[in-house]
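Each remark here refers to the structure printed beneath this line.
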Amino acid sequence: MRVLIVGCGYVGLPLGAELVRQGHDVFGLRRSAAAKGELQSAGIKPLLADITKRDEFARLPRDFDWVVNCVASGGGTAEDYRRVYLQGTHNLLEWLAPNPSKKFVYTSSTSVYGQNDGSVVDETSPTEPQSETAKVLVETEKILIEVARKEDFPAVILRVAGIYGPGRGHAFKQFLRGEAHLDGTGDRILNMIHRDDVVGAIMAALKQGEAGEIYNAVDDEPVSQLVFFEWLGKSLNKPLPPSESNPLRKRGTTHKKISNRKLKSRLNYTFRFPTFREGYNTNIRQAHISGEID
């Protein structure tokens, strides 16, 4: 297949490398040329364009069988999200219209679920988030679902949980720096997925995902903050972080358990890192090797 990866970075680069390994012809789109050598080393053909600027699409090649949009916002404001996700998706759809791909996979976020009661949510659950950034993601999803159903466009949406992996893991990094805090009693639920399983889920969606469908990309074990930090403390011989009695941080606004049943049953996906334990054991080993942990 001839594949375009839009946002060929933390997730897109290993995705492209795996697609190349499987014999596909892979192009990686970035906003800057900084990673050109890294893409080429992985066998990915680098392309340079900003998807928020319609005129920059004119210089890109066309006729892709598969398109993956896993672009990052580059900023944390609602305007950043609106520009990159909403306008960027409009521009991509307009550009692809004359030569539609056979499959279009978009990585959204589980932040679209605004539930804060600890309930189990799946792809049929309401998406009524409080944050403005998550509302933009809901708008973007609606556009893709509409074109999938009305215009037979092969869009598949993956709602991706908090990504961790090599060099990444927000709570883990905070814990190592001694900056982590429990939200109250620590009962708030964390939903996570290893970067390699995001790649695997995208691959499964490309090969087996159904147009107009949504799949949650999250591992097998939603875990409370307390249990997560207790496990990290035991693994690293460090104490529990202190508690904040009234946390108002961005990452503490929801509390839910996200189900991955549809991803596993419909796309037959098997996780490489089924829980945070397998994934973070790898992170801990890497941190020891790099000297981040004594």
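This is a predicted model, so every value here is computed, not measured. No hydrogens, no waters, no symmetry mates; every other heavy atom, side chains included, goes into these values.
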D25 side chain to K45 backbone, donor-acceptor under 3.5 Å: no

Parallel, tilted or perpendicular, as decided by the 30° and 60° cut-offs, for the rings of F276 and F228: perpendicular

Result of checking Y164, F175, F229 against Y280 for ring-ring contact (aromatic ring centres under 6.0 Å, His included): Y164

S41-E38 side chain donor-acceptor pair, cut-off 3.5 Å: no

pair V218-V160: side-chain heavy atoms closer than 4.5 Å: no

Heavy-atom side-chain proximity of K238 to L232 below 4.5 angstrom: no

D117 side chain to S119 backbone, donor-acceptor under 3.5 Å: yes

Shared hydrophobic cluster, L60 / L39 (ILVMFWY, side-chain heavy atoms < 4.5 Å): no

E278, CD atom: more than 12 neighbouring heavy atoms under 6.0 Å: yes

Stepwise side-chain contact (heavy atoms from CB on, under 4.5 Å) test for L226 and D187: CA-CA 6 Å; L226 177 61; D187 63 345; over 6 Å; no

Side-chain heavy-atom pair W66, L19 within 4.5 angstrom cut-off: yes

Closest heavy-atom pair and its distance - C8, I44: SG-CD1, 4.1 Å

Cation over ring face, R195 and Y10, 6.0 Å, 45°: yes

K135 versus P129, closest heavy-atom pair with distance: CE-O, 3.3 Å

Residue that, paired with F104, satisfies side-chain contact (heavy atoms from CB on, under 4.5 Å) out of N69, V156, V6: N69

Rounded distance (nearest 0.5 Å) linking atom NZ of K102 with atom CG of L206: 12.5 Å

Joint cluster assignment, L47 & L93, ILVMFWY side-chain distance < 4.5 Å: yes

Over 12 foreign heavy atoms within 6.0 Å of CZ, R261: no

Atom pair CG (L137) and CZ (R82), whose distance is rounded to the nearest 0.5 Å: 10.5 Å

Straight-line distance of K262 NZ to R159 CZ, nearest 0.5 Å: 9.0 Å

R272 and D197 ion-paired at < 4.0 Å: no

Joint hydrophobic cluster, I202 plus I163, side-chain heavy atoms closer than 4.5 Å: yes

Joint cluster assignment, F273 & F271, ILVMFWY side-chain distance < 4.5 Å: no

Whether Q208 side chain and L267 backbone form a donor-acceptor pair below 3.5 Å: yes

Distance, nearest 0.5 Å, that separates OG1 of T110 from CG of N260: 11.5 Å

Taking every non-hydrogen atom, the tightest pair across S259 and D122: CB-CB, 4.2 Å

Separation between OG1 of T140 and OH of Y85, rounded to the nearest 0.5 Å: 9.0 Å

Check: V84 main-chain N/O paired with T52 side-chain donor or acceptor under 3.5 Å: no

Flag, side chain of D65 to backbone of R2, donor-acceptor distance under 3.5 Å: yes

Closest non-hydrogen atom pair, L15 against M203: CD1-SD, 3.6 Å

4.5 Å side-chain heavy-atom contact, Q115 and S125: yes

Expected output: side-chain H194 to main-chain D196 donor-acceptor under 3.5 Å: yes

Atom pair CG (L190) and OG1 (T254), whose distance is rounded to the nearest 0.5 Å: 9.5 Å

Contact check, side chains of E151 and E146, non-hydrogen atoms, under 4.5 Å: no

Electrostatic pair R59-E56, nearest N-O below 4.0 angstrom: yes

Passing option when L158 is tested against V105, I193, I214 for side-chain contact (heavy atoms from CB on, under 4.5 Å): V105

Inter- and intrachain pairs under side chain to side chain donor-acceptor pair (under 3.5 Å), touching residues 12-21, at least two apart: E18-R21, E18-Q22

Minimum heavy-atom distance V121-N216, with the two atoms named: O-ND2, 4.2 Å

Any donor-acceptor pair under 3.5 Å from N91 side chain to I51 backbone: yes

K256 to Y113, cation-pi by 6.0 Å centre distance and 45° axis angle: no

Residue D55 excluded, over 12 heavy atoms near CG under 6.0 Å: yes

Heavy-atom donor-acceptor pair, S73 side chain to G76 backbone, under 3.5 Å: no

Note, V67 side chain near L96 side chain (heavy atom, < 4.5 Å): yes

side-chain contact (heavy atoms from CB on, under 4.5 Å) assessment of N281 paired with W231: CA-CA 10 Å; N281 271 326; W231 181 87; 3.6 Å; yes

Verdict with reasoning, D220 to K264, per side-chain contact (heavy atoms from CB on, under 4.5 Å): CA-CA 10 Å; D220 287 344; K264 295 171 71 174; 3.0 Å; yes

Electrostatic pair E179-K173, nearest N-O below 4.0 angstrom: no

Any donor-acceptor N/O pair, N191 side chain to I258 backbone, under 3.5 Å: yes

Shared hydrophobic cluster, V11 / F172 (ILVMFWY, side-chain heavy atoms < 4.5 Å): no

Name of the residue among Q87, H90, E94 meeting side-chain hydrogen bond (donor to acceptor under 3.5 Å, both in side chains) with R54: E94

Any donor-acceptor N/O pair, K103 side chain to G209 backbone, under 3.5 Å: yes

side-chain contact (heavy atoms from CB on, under 4.5 Å) between V223 and I189, worked out: CA-CA 5 Å; V223 60; I189 299 297; over 6 Å; no

Atom of I284, atom of S235 and distance for their closest heavy-atom approach: CD1-CB, 3.9 Å

